[in-house]
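Numbers here simply count residues along the sequence, with the first being 1. Quick note: numbers below take in every heavy atom, side chains included, and nothing from hydrogens, waters or symmetry partners.
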Amino acid sequence: KTTTLVQFGDDFYPLVIYADHYETVTTPLGTFDALVLLPRMETNPKGMFKRGGEVRVWIDRNPPHLLVKFEVKVPIGTASAVLTAYQPPAGPEDAHPRS
């Protein structure tokens, strides 16, 4: 687990992120061996965390460590998203095209 600061409105709050387990995720982009992260706001929960919401994030274990799946559980159900496309950032040689 690790703790990081997140911003809600004008204030910053600690968010604890747990590395929970590994899972295979298949998306339209392919199959990924992913680490499942569970962010938790353990002290003074705000926003969706205050209302009992939960988040799960799947990060590919291989570079470039893409976020391949995301779920948000709220009182009325669960919303999820999966990675369907990816375009790597331009390299330094593409940043300033030569004339």
Side-chain angles (χ1 to χ4, degrees):
K1 81 177 185 177
T2 190
T3 302
T4 188
L5 287 177
V6 296
Q7 184 177 5
F8 281 90
D10 293 333
D11 297 316
F12 290 88
Y13 299 93
L15 186 71
V16 180
I17 302 174
Y18 292 90
D20 192 58
H21 65 279
Y22 296 109
E23 193 172 306
T24 301
V25 176
T26 301
T27 77
L29 193 58
T31 299
F32 300 89
D33 182 24
L35 173 62
V36 180
L37 301 176
L38 306 173
R40 303 279 186 254
M41 191 173 283
E42 297 179 338
T43 56
N44 300 319
K46 303 291 179 196
M48 60 171 266
F49 293 104
K50 186 175 184 174
R51 296 183 296 276
E54 296 177 11
V55 176
R56 295 192 329 161
V57 178
W58 286 256
I59 303 292
D60 185 18
R61 292 178 69 186
N62 298 305
H65 306 293
L66 299 172
L67 189 158
V68 296
K69 185 176 178 182
F70 183 85
E71 279 187 357
V72 179
K73 182 180 173 188
V74 292
I76 61 168
T78 302
S80 63
V82 295
L83 183 66
T84 60
Y86 171 70
Q87 181 176 349
E93 65 279 358
D94 297 330
H96 302 287
R98 296 181 185 170
S99 306

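For T3 (side chain) and P14 (main-chain N/O), no donor-acceptor pair under 3.5 Å exists by modelled atom type.
Across all their heavy atoms, W58 and F70 have their closest contact at CE3-N, 4.0 Å. In terms of heavy atoms, K73 sits closest to T78 at CG-OG1, 3.9 Å. Between A19 and L37, the closest heavy-atom pair is CA-CD2, 3.8 Å. Nearest heavy atom pair, residue D60 against residue V68, reads CB-CG1, 4.2 Å.
Y13 and Y18 fall into different hydrophobic clusters, defined by Ile, Leu, Val, Met, Phe, Trp and Tyr side-chain heavy atoms under 4.5 Å apart, directly or through other members. Note on V72: it does not cluster hydrophobically with L83, by side-chain heavy-atom contacts below 4.5 Å among ILVMFWY residues.
Distance check: L67 CG to I59 CD1 gives 4.0 Å after rounding to the nearest 0.5 Å. We find the CG-NE2 distance between L38 and H21 to be 7.5 Å, quoted to the nearest 0.5 Å. Taking CZ of R56 as the reference point, atom NZ of K69 lies at 6.5 Å (rounded to 0.5 Å). With rounding to the nearest 0.5 angstrom, the OH atom of Y22 is 4.0 Å from the CZ atom of R61. The line from CG of D11 to CG of L5 is 11.5 Å long, rounded to the nearest 0.5 Å. A distance of 7.5 Å separates CG in L66 from CG in L29, rounded to the nearest 0.5 Å.
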Audit row: F32, N62, side-chain contact (heavy atoms from CB on, under 4.5 Å) steps and yes/no: CA-CA 8 Å; F32 300 89; N62 298 305; over 6 Å; no

